[in-house]
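These figures come from a predicted structure and were not determined experimentally.
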Amino acid sequence: MANSNKHAVKSAAIVSSRDKAMDEHTSGGLQPGISIQNGPVDSPQNGRSTNGESNGRRKSRTSLTQKKTYKEMTSSDEDDEPLSKRRKTAVEEDSSDDDVPLAKKALKKLPKPSASQIGEKDTKVPIKKRLIEQKAQIEKKAEVTAKKIRAEDSKATKKRKVKDESDSDDDRPLAKSAKTKKTANGTKSTVSKTKVKAEASPVKKGKGKAVSTDDDADEEEENRWWENMNNDTSVKWKTLEHNGVLLAPEYVPLPRDVKLIYKEEPVTLDVQAEEVAGFYGAMLNSTVNVSNATFNKNFFSDFKKIVSKTGHAKNSKGEVVKIEHFKDCDFTKIFEYYDAERERKKAIPSADKKAIKAKKDEIEQPYMFCKWNGIKEKVGNFRVEPPGLFRGRGEHPKTGHVKTRVKPEQITINIGKGAKVPPPPPGHKWKEVKHDDTATWLAMWQENINGNHKYVMLAANSAIKGQSDYKKFEKARELKKHIDRIRKDYTKDLKVESMADRQRATAIYLIDKLALRAGNEKGDDEAETVGCCSLKFEHVTLRLPKTLVFDFLGKDSIRFHQEVEVDPQVFKNMKIFKKAPKTKGDDIFDRLNTAGLNKHLATYMTGLTAKVFRTYNASWTMATLLKEMKPTGTVPERVKEYNDANRTVAILCNHKRTVGAAHDTQMTKMLEKIKGLRYEQWRTRMMMLNLEPKLKKSRGAEYFERPEDLDDEWVEQHQAAEVEEKRQKIQKKFENDNKKREENGEKPLPEKELKERLEDADELAKKYRKENKSKKVEPEGKGPTVEKLEATYDKLEQRIENAKLQADDKEENKEVALGTSKINYIDPRLTVVFVKKFNVPIERFFSKTLREKFDWAIKSVDEDWEF
DNA sequence: CTGCACACTTAGTATCAGCAGA
DNA sequence: TCTGCTGATACTAAGTGTGCAG
């Protein structure tokens, strides 16, 4: 079946020669060759989602031919010789398997209904071009820098051999610097902790737990680990004490009158089944899930199972009712209950809310912190994930399945040997208690949907996380020294005869230029998303002369849609990699996987993997943009510029967010507001005219013309809206006043009062009517003069400018998420340097948690640190 | 190799909390 | 003074990459 076919095609030899190509072209005929035209050549079906499957043939290769060959397509590439001929002469090529594609996991796909629309609207991407150009420049700088560093580096190391070490080695690779440092600091204490302050502990007790975390709060130590990094990686801790995990609360059954309705009849379920019904019922407002067919199907099959396992539902007479069809279930009663609960919670007076919170905090207190090598550290996610419905993203085949409650018996505890093991709840025991000092997790369990491991680890501000963050960025900085060499190599390899190497070079090119992810193979029980190595035929289309159009779903089923002009050789290569008999569903890089790619990358630099390129390119781009900034401007301008740079990086990494449902309305509201302001501007001018009719001559009639887009129809609408708004306001004020009077025991105001007040609105309407008729506007304000009106006009102008800027920003930002790149990709030290250089409070860029997470960066660099 | 188990980072979104503006 | 919005945080899914057994 699919498997063998796939193999056959994959192992097709590369017999690429131009003459043959011709041959194939005419004789083949089974698969249409790729013809190059102006325009998408092999575009995904009718603009449908590229990941959409219409025939369930995802992985199965065509059985049409066993002998199809890759071949050069066009006659344009003079420099491209037939691959097979040259290959013989290739040096030390493992010729036996060079051309045999890596066997990849056979994935048989269930036939799926054609993909649901992923993004109808083809968001055009104007920023892209700018970005590419910008990137080209940034790359050039990178090359220069790399060379410079290498030169300096060798000089420096030489010097260092003679002298015994200077401390300013920020620019050297982690491994090296750590080593040299060791010799320098060898005599100093290995763990440098500086006692900083005694902090009064406001927190009180979790009744005598194993880890008396709060007792130590009064003696806070600052762990300045970054001043003494050792890069021994395998052992993560010497001692580890913690209180385990906080299990999910027990299920609280619904009140007796809240029931599932089945076939118009309220039915009673066993608590277990009821809980599952509740998962769904509580979710009815989440249309993303509830209107997803897979979600419903999966939920219902699980629900049915548990219902029949627990003795089915019972109607009011106690008769058994079998739950058989999803469409007969009505969860609205349950939804209403949970919704009301939510409302109720919101309405609790704030004093009570505080009390509830305090209670919760007290329960959580013992779990919040642990002791890692004797130092108090915050635990990240000590709460075991509660049961619910699995919300897999995109077209996840398992979305909607019931995620079951995690029992202590499934949880493994990892803790120091001597430490007191947190007691499992009475009558239970842990699955296992380990003492693995090479792992950083405190507790672990396996989730029932995909069998994934879930870990309880330390918070982002902990030393262990900080260290690995630091190492990550140091690694990226090290890449800076090799990047020119790597780029030169892959550019050269784009033309190499070995198809595997050529694919690898092309892939690295894409990873470097487009910040693609590596793209591991995925199983067939996951959403069909791809990265670089797993790109499929239909994800890239070619457009002459050298544009590649990418359209695929990446991590989290986020769409990557870009048109990119690439190196002509890359274009040519993609053409080859997509050549018949490859077709929809086939891998573009069929001789490449992430392991091979990373193995190759590691030859340039220890620890270099595809992922490092994303970090490197993000941070390097940010560094370059920040460096270019002029040292002028106010703080808000600075912030804006920083955010713009941040946005560039986010766009590079394709970090997106869904535009909120409210966005459109908000946007039109903003634009409408701007229009309204402009209308006021015009009215102001008309008032001037009213004051001094002569102005018409001196300033010209044009000066007093109403802007074209503010046509009569719009004006009428606008005026009506203004009047209505005024009316509403008066009404509301009236009601509020009455409420107050009532509270004070006074009589409510008479209706007559309201009527009187509403006359203001009528007045306004009248004024507008008069204006429309007379084409004149009465001057407003006290003692109006032309000068005053001019000032008003200017003020309006300013407000318009501001509003426009805001609107633009909002629109531009609507689907870009800045957070992810800030948290994970941009070296925080860049921000710290920026802040110091330009004197902007760091709070403008890093929230409290982020400042804690990046404490190491904030405290370790000065103004002239460079990425 | 290759496939899987495992560990850890990266990612978007739901929800919370605080604050500006009506 | 309340409300609606926004930014911060919590949550957990979905990646990457390593190492080991077969």
Side-chain angles (χ1 to χ4, degrees), chain A residues 97 100 102-106 233-234 236 283 285-286 288-289 342 345-346 350 353 357 380-386 388 390-394 396 398-399 403 412 414 436 438-441 444 446-447 449-455 457-460 464-465 468-469 471-472 517-523 526-527 529-534 553-558 593-599 601-602 607-612 614-615 618 650 653-658 660 662 666 725 728-729 732-733 736 739-740 810 815 817-821 823-825 846-853:
Chain A
D97 75 324
V100 183
L102 304 160
K104 288 192 180 167
K105 207 166 79 182
T233 46
S234 57
K236 307 289 185 5
M283 241 174 175
N285 56 350
S286 161
V288 214
N289 298 300
R342 270 192 287 260
K345 258 185 209 148
K346 240 193 281 176
S350 61
K353 261 190 199 161
K357 177 119 196 304
N381 54 329
F382 50 83
R383 261 178 289 256
V384 171
E385 292 174 16
F390 175 66
R391 295 159 84 130
R393 298 174 189 158
H396 198 296
K398 292 192 174 175
T399 191
K403 196 167 90 168
T412 304
N414 191 33
D436 183 356
T438 65
T440 69
W441 50 272
M444 183 266 272
Q446 247 173 318
E447 143 264 8
I449 308 273
N450 301 296
N452 289 335
H453 299 91
K454 300 287 187 142
Y455 298 91
M457 292 185 190
L458 297 196
I464 189 73
K465 293 283 183 192
S468 70
D469 225 26
K471 282 182 192 160
K472 172 182 75 186
R517 297 189 183 80
N520 284 311
E521 271 308 322
K522 294 190 72 188
E526 299 173 271
T529 61
V530 298
C532 185
C533 293
S534 48
L553 299 184
K555 183 178 178 180
D556 293 297
S557 293
I558 295 296
N593 62 20
T594 52
L597 180 79
N598 284 335
K599 210 174 147 196
L601 290 175
L608 183 61
T609 61
K611 169 179 188 284
V612 181
R614 260 168 92 80
T615 316
C653 295
N654 203 40
H655 290 142
K656 294 197 184 165
R657 57 177 181 175
T658 49
Q666 283 168 6
E725 199 179 322
Q728 300 258 331
K729 246 185 217 163
K732 199 145 191 192
K733 174 98 170 26
N736 271 343
K739 213 166 155 192
K740 235 177 259 163
K810 195 180 177 81
E815 53 176 13
L818 301 190
T820 308
S821 49
I823 294 168
N824 299 303
Y825 287 105
F846 290 160
S847 67
K848 182 169 153 286
T849 29
L850 232 38
R851 288 198 299 278
E852 281 168 15
K853 167 174 169 153

>> For A/His396 and A/Phe390, take the angle between the two ring planes, folded into 0 to 90°, and tell me which bin it lands in: parallel under 30, tilted 30 to 60, perpendicular over 60.
In response: perpendicular
> For the side chain of A/Lys465, counting heavy atoms from C-beta on, which of B/dC8, B/dG12, B/dT10 is nearest?
Replying inline: B/dC8
> Any side-chain N or O of A/Thr658 under 4.0 Å from OP1/OP2 of B/dG12?
Replying inline: no
> With a 3.5 Å cut-off and just heavy-atom distances, do the side chain of A/Lys611 and the base of B/dT9 make a donor-acceptor pair?
Replying inline: no
>> With a 4.0 Å cutoff (strictly under), does any side-chain N or O of A/Thr440 reach OP1 or OP2 of B/dC8?
In response: yes
>> Below the 4.0 Å mark, does B/dG12 have OP1 or OP2 next to a side-chain nitrogen or oxygen of A/Thr820?
In response: yes
> Across the strands shown, which category fits A/Gly819 at heavy-atom distances under 4.0 angstrom: base, sugar-phosphate, nothing?
Replying inline: nothing
>> Expressed as a whole number of angstroms, how long is the span from A/Gln446:CD to B/dC4:P?
In response: 14 Å
> Whole-Å distance between B/dG12 C1' and A/Glu815 CD?
Replying inline: 14 Å
> Side chain of A/Tyr455: nearest nucleotide among B/dA17, B/dT10, B/dC6?
Replying inline: B/dC6
>> Using whole Å, what does the distance between atom C1' of nucleotide B/dG3 and atom NZ of A/Lys522 come to?
In response: 17 Å
>> What's the closest nucleotide to the side chain of A/Met444 if the choices are B/dG12, B/dA17, B/dA7?
In response: B/dA7
>> Does any part of the side chain of A/Arg391, heavy atoms only, come nearer than 4.5 Å to the side chain of A/Asn289, both counted from C-beta?
In response: yes
>> On the nucleotide B/dA11, are OP1 or OP2 found under 4.0 Å from the side-chain N or O atoms that A/Tyr825 carries?
In response: yes
>> On the nucleotide B/dA7, are OP1 or OP2 found under 4.0 Å from the side-chain N or O atoms that A/His453 carries?
In response: no
> If you find the nucleotide of DNA chain C closest to A/Lys454 and the one closest to A/Ala595, which residue's nucleotide is nearer the 5' end?
Replying inline: A/Lys454
>> Restricting to salt bridge (Lys or Arg N to Asp or Glu O under 4.0 Å), what partner residues turn up for A/Arg614, sequence neighbours left out?
In response: none
> With a 4.0 Å cut-off on heavy atoms, is A/Leu850 in touch with a base, just the backbone sugar-phosphate, or nothing at all?
Replying inline: nothing
> With sugar-phosphate meaning primed atoms plus P, OP1 and OP2, does A/Lys346 contact a base, only sugar-phosphate, or nothing at under 4.0 Å between heavy atoms?
Replying inline: nothing
> Nearest nucleotide by nearest heavy atom, which residue falls closer to the 5' end of DNA chain B, A/His655 or A/Ala439?
Replying inline: A/Ala439
> Is there a side-chain polar atom (N or O) of A/Arg614 under 4.0 Å from OP1 or OP2 of B/dT10?
Replying inline: no
> Of the nucleotides B/dC8, B/dC1, B/dG12, which has the atom closest to the A/Lys599 side chain?
Replying inline: B/dC1
> Is there a side-chain polar atom (N or O) of A/Lys345 under 4.0 Å from OP1 or OP2 of B/dC16?
Replying inline: no
>> In whole Å, I'd like the distance from the CG atom of A/Leu553 to the C1' atom of B/dG12.
In response: 14 Å
> What's the NZ-C1' distance between A/Lys471 and B/dT9, to the nearest Å?
Replying inline: 14 Å
> When all nucleic acid strands are considered with a 4.0 Å heavy-atom cut-off, which category describes A/Lys398: base, sugar-phosphate, or nothing?
Replying inline: nothing
> So which heavy atom on A/Thr529 is nearest to which on A/Lys522, and how close?
Replying inline: OG1-NZ, 2.9 Å
> Which is true for A/Arg393 with a 4.0 Å heavy-atom rule: it touches a base, it touches only sugar-phosphate, or it touches nothing?
Replying inline: base
> How long is the line joining CG of A/Asn593 and C1' of B/dC1, in whole Å?
Replying inline: 10 Å
> If you walk 5' to 3' along DNA chain C, what is the first nucleotide with an atom under 4.0 Å of a heavy atom in chain A, and what is the last?
Replying inline: C/dT6 to C/dT18
> Can you list the residues that meet the side-chain contact (heavy atoms from CB on, under 4.5 Å) rule with A/Lys555, with sequence neighbours excluded?
Replying inline: A/Arg517
>> Pick the closest DNA chain B nucleotide for A/Ile823 and for A/Arg342 by heavy atoms, then say which residue is nearer the 5' end.
In response: A/Ile823
